[in-house]
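Before any comments, here is the structure.
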Amino acid sequence: TKDKFTVKRVTFYPLHGFVYCDVCGSDKYMIVGKNKTGSGTHVLTYRCDNPLCTRKPKSMRAKHIFNSLYDMLSQFELTDEAYERYSKRIDSLTDDKIISIKQEIQSRRGALTHIKKELDERALSLGMLGKESPAYKPNEKRLNELAIQQADLEQQIEKLEAKIANPQRIKLSKHEFLNVVKTAADKMKAGSAVEKDVLCRILFLNLRVDNEKVASYLWREPFASLVKATELQSGRGDRI
């Protein structure tokens with residue numbers, strides 16, 4: 001007879017470990033699960049388990065969280081001024097990144113020069129030693145270590161040089177990022193539970209909810225910088 005294995009299916013819940021209670025400010029995320037309503041249907045809810053929390057009721061329907069997200073993202077205006085301010089900032093960061101990569105290359109080339117020098121010296125020394133010499137094996141071992149380090153550094157330098165060979169490859173991230181912001185509202189509304197979850201985790205670090213809606217959004221970078229640029233331009237610094 002064949003052995004039978006029982007496979008436990010894990011239920012997927014969107015925004016697990018992502019939603020926090022803004023009523024009590026707990027640093028422990030709200031528990032997500034399905035609750036049965038009076039009509040017998042099951043709904044997705046997030047519950048604060050902090051015994052000191054004054055939230056009433058303790059649970060919040062998932063639909064209120066997602067409705068807040070739909071509204072916020074659809075009202076988020078990407079103004080031309082904010083776009084230009086952010087574009088200049090990203091271009092500046094790109095330039096800084098290229099400089100940083102060049103410095104990394106220079107540093108690794110310096111280390112490579114030292115390794116090559118020691119390799120030459122030890123190879124010469126090894127050639128003058130007999131295999132019966134007590135210094136032969138330690139020198140041979142060190143030569144092998146240096147050869148590995150040399151190959152590793154040369155590979156690192158090659159990869160870094162490829163990054164700055166075409167600076168536009170770095171700047172593409174700006175356009176990809178802006179495209180996410182422009183289409184976020186539509187994707188959030190039309191997406192499946194998994195797609196909504198993925199998009200939220202791309203845009204935010206976490207969400208905090210009060211009794212009715214999402215009270216605050218902690219944006220991920222680089223989105224946080226664009227949000228700040230838009231708020232400064234529109235004077236709505238307290239909205240998001």
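Heavy atoms only: backbone and side chains are in, while hydrogens, waters and symmetry mates are out.
- Residues Val19 and Asn206 form no side-chain contact, since every pair of their non-hydrogen atoms from C-beta on lies 4.5 Å or further apart.
- Looking only at side-chain heavy atoms (C-beta outward), Val209 and Arg55 come within less than 4.5 Å of each other.
- Between atom CD of residue Glu154 and atom CD1 of residue Ile115 there is a gap of 9.0 Å, rounded to the nearest 0.5 Å.
- A heavy-atom distance below 4.5 Å is not found between the side chains of Lys196 and Pro14.
- Closest heavy-atom contact between Ala123 and Leu143: N-CD2, 3.9 Å.
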- Full working for side chain to side chain contact (heavy atoms under 4.5 Å, CB included) between Leu124 and Glu121: CA-CA 5 Å; Leu124 182 63; Glu121 290 173 351; 5.9 Å; no

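- Between the NZ atom of Lys28 and the SG atom of Cys53 there is a distance of 12.5 Å, given to the nearest 0.5 Å.
- Qualifying ring pair (Phe, Tyr, Trp, His ring centres under 6.0 Å) partners for His16, counting only residues two or more places apart in sequence or in other chains: Tyr29.
- Between the side chain of Asp152 and the main chain of Ile148, no donor-acceptor pair closer than 3.5 Å is present.
- Between Leu205 and Phe18 the shortest heavy-atom distance is O-CE1, 3.3 Å.
- Linking Ile, Leu, Val, Met, Phe, Trp and Tyr whenever their side-chain heavy atoms come within less than 4.5 Å leaves Leu52 and Val23 in two separate clusters.
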- Test side chain to side chain contact (heavy atoms under 4.5 Å, CB included) applied to Gln156 and Glu161, step by step: CA-CA 9 Å; Gln156 289 178 32; Glu161 285 178 335; over 6 Å; no

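- What you find for Tyr46 and Ala62 is that their closest heavy atoms are CE1-CB, 3.5 Å.
- Asp210 has a carboxylate O that lies under 4.0 Å from a charged side-chain N of Lys213, or vice versa, which qualifies the two as a salt bridge.
- Residues Tyr217 and Leu203 form no side-chain contact, since every pair of their non-hydrogen atoms from C-beta on lies 4.5 Å or further apart.
- Atoms CZ and OG, on Phe12 and Ser192 in that order, are 7.5 Å from each other to the nearest 0.5 Å.
- Ser59 contributes no side-chain N or O that, together with a main-chain N or O of Arg47, makes up a donor-acceptor pair within less than 3.5 Å.
- The line from CG of Asn211 to CE of Met60 is 8.0 Å long, rounded to the nearest 0.5 Å.
- No more than 12 heavy atoms of other residues, nucleotides or ligands shown are found within 6.0 angstrom of CD on Gln106.
- Under the 4.5 Å side-chain heavy-atom criterion for grouping Ile, Leu, Val, Met, Phe, Trp and Tyr, Ile31 is not connected to Leu44 through any hydrophobic cluster.
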- Item | side-chain hydrogen bond (donor to acceptor under 3.5 Å, both in side chains) between Glu140 and Asn144, worked out | CA-CA 6 Å; Glu140 187 180 43; Asn144 288 333; 5.6 Å; no

- Task: Could you walk me through whether Thr45 and Val32 pass the side chain to side chain contact (heavy atoms under 4.5 Å, CB included) test, one step at a time?
- Result: CA-CA 6 Å; Thr45 63; Val32 57; over 6 Å; no

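- Residues Leu69 and Ile202 are members of one and the same hydrophobic cluster, defined by side-chain heavy-atom contacts under 4.5 angstrom among Ile, Leu, Val, Met, Phe, Trp and Tyr.
- In this structure, CE on Met30 lies 8.0 Å from SG on Cys24, to the nearest 0.5 angstrom.
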- Message: With salt bridge (Lys or Arg N to Asp or Glu O under 4.0 Å) as the criterion, how do Asp197 and Arg201 come out once you've worked through the C-alpha distance, each side chain's angles and the decisive distance to 0.1 Å?
- Response: CA-CA 6 Å; Asp197 180 89; Arg201 294 178 193 277; 2.9 Å; yes

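- Ile99 belongs to no hydrophobic cluster, as no Ile, Leu, Val, Met, Phe, Trp or Tyr side chain comes under 4.5 Å of its own.
- A salt bridge links Glu118 with Arg142: the distance from a Lys NZ or Arg NE/NH1/NH2 to an Asp or Glu carboxylate oxygen falls below 4.0 Å.
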- Message: Is there a side chain to side chain contact (heavy atoms under 4.5 Å, CB included) between Leu160 and Arg108? Walk through the geometry before answering.
- Response: CA-CA 10 Å; Leu160 289 168; Arg108 281 165 174 73; 3.7 Å; yes

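- Side chain of Ser74 to backbone of Tyr70: a donor-acceptor contact under 3.5 angstrom is found.
- Between Leu146 and Gln150 the shortest side-chain heavy-atom distance does not fall below 4.5 Å.
- Considering only heavy atoms from C-beta on, Ser216 stays 4.5 Å or farther from Tyr20 through its side chain.
- Distance check: Arg220 CZ to Cys200 SG gives 11.5 Å after rounding to the nearest 0.5 Å.
- In the hydrophobic cluster analysis, where Ile, Leu, Val, Met, Phe, Trp and Tyr join through side-chain heavy atoms closer than 4.5 angstrom, Met72 is grouped apart from Leu218.
- The minimum heavy-atom distance between Asp27 and Arg208, with the atom names listed, is CA-NH2, 4.4 Å.
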- Task: Apply side-chain hydrogen bond (donor to acceptor under 3.5 Å, both in side chains) to the pair Tyr136 and Lys141, showing each step before the final yes or no.
- Result: CA-CA 9 Å; Tyr136 186 88; Lys141 183 182 177 183; over 6 Å; no

- Task: Start with the C-alpha distance between Glu145 and Gln149, add both sets of side-chain angles, then the distance that settles side-chain hydrogen bond (donor to acceptor under 3.5 Å, both in side chains), and finish with yes or no.
- Result: CA-CA 6 Å; Glu145 290 173 353; Gln149 289 177 26; 5.3 Å; no

